[in-house]
Structures are given as structure tokens and as C-alpha cells.
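To start, the structure itself, in C-alpha cells.
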Amino acid sequence: MASTVGNQQFAADQAATIAGDGQWPLWEVFTQSAQGAPHEHAGSLHAVDAEQALQNARDVYARRGGVISLWVVPSGAITASRAADSGPLFDPGADKAYRHPQFYKVPRGVRGV
Amino acid sequence: MTASPLAPSVVPGPSAAPNPLFELLLRLGDDRLVLGHRLSEWCGHAPILEEDIALANVALDLLGQATMFLRLAGEVEGQGRNEDALAYFREAVDFRNCQLVELPKGDFAFTIARQFLFDVYAVILLDALSSSKHGELAAIAAKALKEAKYHVRHSGEWVLKLGDGTEESHRRVQRALDDLWRFTGELFAADAIDRAMQEAGVGPDLPALRAQWETLVRDVVDRATLTLPLQAPVLTMRGGRSGAHTEALGHLLAEMQIVARSHPGATW
């Protein structure tokens with residue numbers, strides 16, 4: 001029943017600080033589909049603590065199979081770039097073809113690149 | 001003396017000695033069919049969206065388990081009844097579920113308390129059944145055990161939150177436990193069928209499972225700052241295993257069976 005979730009108290013504290021709208025704290029859910037594959041953002045949900053977030057993530061995002069691992073992260077723990085910064089942050093990468101690794105051939109048999 | 005074609009010796013009625021394996025499978029299947037239906041009544045009504053999905057998810061697990069147990073029951077009976085025939089075309093007196101699972105869903109605390117008591121029971125029972133000498137029964141039990149282990153994690157976590165939550169949540173879940181306690185005796189009461197199945201190595205020693213169940217239940221109840229009576233219930237409600245039910249089951253079946261009975265053989 002009691003699961004050991006790393007930094008559970010930290011997570012709960014983080015989560016508690018962002019519940020300003022009367023809702024339960026918001027969590028972001030990441031799912032992994034296979035060994036070695038990256039955990040990818042699946043969506044978000046409300047939960048009062050890390051264990052409940054993990055259970056809700058299991059029921060909402062993993063109930064139809066295809067998931068072998070779950071991460072739940074308090075939404076407040078994520079630092080996101082601002083839309084206003086998108087020019088300085090991302091535009092410089094758009095017009096420098098020499099930064100792109102497109103001049104190399106990926107060897108056959110290499111997956112996940 | 002001419003034998004009438006309708007003489008009892010010619011037409012064995014339903015009073016023929018029950019097949020204990022068939023009865024055992026009905027008990028296992030009906031517990032899950034009825035409890036799954038009770039949980040499904042929360043669909044669209046749970047406190048929050050995530051819990052709505054969680055309860056429906058448990059309900060579907062139980063429905064899946066009921067399907068497997070009742071399908072095997074139909075095969076064992078050998079009268080051509082499949083899981084649908086057993087689920088939708090039996091009367092309340094033919095259902096073999098314990099009374100605990102048929103009680104109306106009550107408030108959220110009642111549903112959680114009932115679910116927790118049943119989930120712990122299911123884990124212990126399915127664990128025992130997974131080493132049954134009946135191969136198919138053991139395989140179904142092993143599959144269902146995985147689901148039950150998640151169910152108890154879910155309901156146990158909620159018992160902790162409600163018991164150690166607000167004054168109101170504590171009061172409600174305590175009242176639910178008080179009301180439900182007398183229905184737990186039936187879970188571990190063995191009759192002739194259970195004893196026959198135990199002797200055959202097919203079923204568990206039910207009364208022997210109670211101590212383990214109580215230890216697990218009390219651990220969570222204590223941590224949830226709730227209390228349980230010190231003894232096993234003295235005044236115990238039972239009869240479900242032989243077809244004696246509360247009035248609640250009839251209403252549940254009326255709703256559950258109406259579509260199948262109004263449109264026999266319908267598919268979609």
C-alpha cells in the first residue's frame with residue numbers, strides 16, 4: 001500500500017504551493033513506452049500527494065496498456081520558457097543550417113535518433 | 001406402477017446435489033459481478049474526474065474477473081449456460097455473492113470502506129486460490145491477484161486520507177466501518193461446499209484466512225486513526241452464499257439485467 005516515492009515530501013510541498021485556484025494541486029505526467037525509451041509528457045491531472053498522483057496517472061494515462069514506467073511531477077516544479085522570449089531563445093537556431101547534423105548519414109540499424 | 005414422465009426420478013430438479021466446484025465459482029464470480037456493478041454506479045458521480053476514472057477502472061477489472069469465473073462456472077455446470085446467461089438470467093435467490101458487496105453504494109466513504117475490506121479479502125483469497133489444484137481456477141486467480149493488489153493500494157490510500165483527513169471525512173468513514181463490520185463474518189464462514197473444495201485441494205481454508213485479513217485491515221485502520229471492534233463480529237449477517245440476500249440485491253439485478261432480458265440475444 002505505502003509506496004516509496006522519492007522526495008515525496010518535497011513533491012507535496014511543491015504541489016501545495018501552486019494550489020491557488022481551489023483545485024487539488026496539478027501534476028504533470030510522463031510515460032515511458034519501452035525500456036530505454038524517453039519518458040514523454042502525457043498530460044496533467046489533479047492529486048493531493050505524490051502517491052495519489054501516481055495512482056491517478058496509472059488510471060488516466062496507463063489503463064489501456066503500452067506503459068512500463070510513470071513519472072509524476074508537481075507542475076510548479078517545472079520552469080517554462082515564456083512566450084515573449086521565444087524570439088531570442090529559438091529564432092537564432094532557425095537559419096543556421098551548419099548547426100544541423102543533416103550532412104551525416106545515420107548508420108542502418110540505429111534506432112531512436 | 002407406471003412411472004410418470006414428470007416423476008422426480010425422471011426429471012432431476014434444481015434440488016439435485018449441488019456441484020461444489022460450480023458453487024464455488026459462482027461465489028467468486030457473483031462477488032465481483034455485483035461489486036463491479038455497485039462501483040459502476042459512481043460513473044459520472046465521483047468527487048473528481050480522476051477518481052471517477054479510477055473507480056470505473058476497478059469496476060471494469062471486477063467485471064473482467066466475474067466474466068472469467070462465470071464462464072468457467074458455466075463450463076463446469078455443463079448445461080450450456082455461458083457467463084451472460086449466468087449474469088443476466090438468474091434470479092436473486094440464485095446469486096451466491098456475499099451480502100457485503102450488494103449493499104447500496106452509500107456515500108463515498110462507505111464505498112471506499114467496503115471496497116477496502118473486500119480488496120484485502122480478495123488479495124488473500126486469490127493468493128490462496130492461485131495454488132489451487134484446479135489449473136484453470138488457479139490461472140484466473142493469479143491473473144486477478146495482480147489487479148486486486150492495485151485495488152487495495154487504491155482503496156487503502158483512500159482509507160488513510162479519509163480517516164486522517166477532516167473531522168467530517170473521519171466521521172463518515174468510521175460510521176461506514178461500524179456499519180460494515182457485521183457483514184465481514186460471511187467472507188470467512190465455511191459451509192459444506194467450502195469444506196469439500198478444501199479437502200479436494202481446490203479451495204482455501206476460509207476461516208484460517210481471517211487472521212491475516214484482520215492484521216492487514218487493522219494496520220491501515222490504525223494508521224488512519226480509525227477504530228474497529230476488537231473481536232470478529234458476534235452478530236453477523238450471512239446467507240448470501242446460499243441465496244439469502246438483502247432487498248438491495250433485487251433492485252440491483254433489476255437494473256443490471258433489464259436490457260439483456262428485454263432484448264434477449266441482442267448484440268452491438
Side-chain angles (χ1 to χ4, degrees), chain A residues 1-16 18-33 41-78, chain B residues 39-40 42-43 46-64 108 112 115-117 119-124 143 146-166 169 212-213 215-224 226:
Chain A
M1 219 149 301
S3 71
T4 46
V5 177
N7 292 325
Q8 187 156 355
Q9 190 53 50
F10 166 79
D13 291 346
Q14 287 287 310
I18 60 162
D21 57 357
Q23 294 259 34
W24 287 354
L26 195 63
W27 300 71
E28 302 301 325
V29 179
F30 299 81
T31 60
Q32 187 188 34
S33 60
H41 189 233
S44 55
L45 49 75
H46 293 98
V48 296
D49 59 24
E51 167 64 17
Q52 191 181 56
L54 205 55
Q55 289 187 13
N56 288 346
R58 181 262 193 191
D59 286 323
V60 175
Y61 294 106
R63 72 183 185 279
R64 298 198 173 102
V67 175
I68 66 161
S69 172
L70 280 171
W71 288 349
V72 290
V73 180
S75 300
I78 292 176
Chain B
L39 276 182
S40 75
W42 280 100
C43 196
I48 62 161
L49 174 72
E50 288 84 346
E51 186 58 25
D52 204 283
I53 295 172
L55 289 179
N57 203 39
V58 176
L60 287 173
D61 283 349
L62 292 173
L63 189 62
F108 185 67
I112 288 298
Q115 194 64 37
F116 173 66
L117 296 175
D119 288 342
V120 177
Y121 166 69
V123 166
I124 293 171
K143 185 172 189 292
K146 280 188 204 171
E147 296 173 341
K149 282 180 176 173
Y150 179 74
H151 298 167
V152 78
R153 180 170 165 176
H154 179 81
S155 58
E157 203 48 46
W158 266 116
V159 169
L160 291 174
K161 283 186 170 63
L162 294 175
D164 198 14
T166 66
S169 70
Q212 192 189 353
W213 176 83
T215 302
L216 292 170
V217 167
R218 286 186 188 282
D219 171 57
V220 173
V221 165
D222 288 348
R223 284 192 286 134
L226 298 161

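Here is the naming used below: chain letters follow the sequence lines, and residue numbers restart at 1 for every chain. We use all heavy atoms of the structure for the numbers below, so side chains are in, but hydrogens, waters and symmetry mates are not. All figures in this text were calculated on a predicted structure; none of them were measured in a lab.
Within a 6.0 Å sphere centred on NZ of B/Lys161, other residues, nucleotides and ligands contribute more than 12 heavy atoms.
In this structure, the side chain of B/Glu50 engages the main chain of A/His46 through a donor-acceptor pair within 3.5 Å.
Considering only heavy atoms from C-beta on, A/Arg63 stays 4.5 Å or farther from B/Leu60 through its side chain. In this structure, the side chains of B/Arg153 and A/Leu54 come closer than 4.5 Å at one or more pairs of heavy atoms.
Rounding to the nearest 0.5 Å places CG of B/Asp52 at 11.0 Å from CG of A/Asp59. From B/Ile53, atom CD1 reaches atom CZ of A/Arg58 across 12.5 Å, with rounding to the nearest 0.5 Å. Between B/Leu160 atom CG and A/Glu51 atom CD the span is 10.0 Å, to the nearest 0.5 Å.
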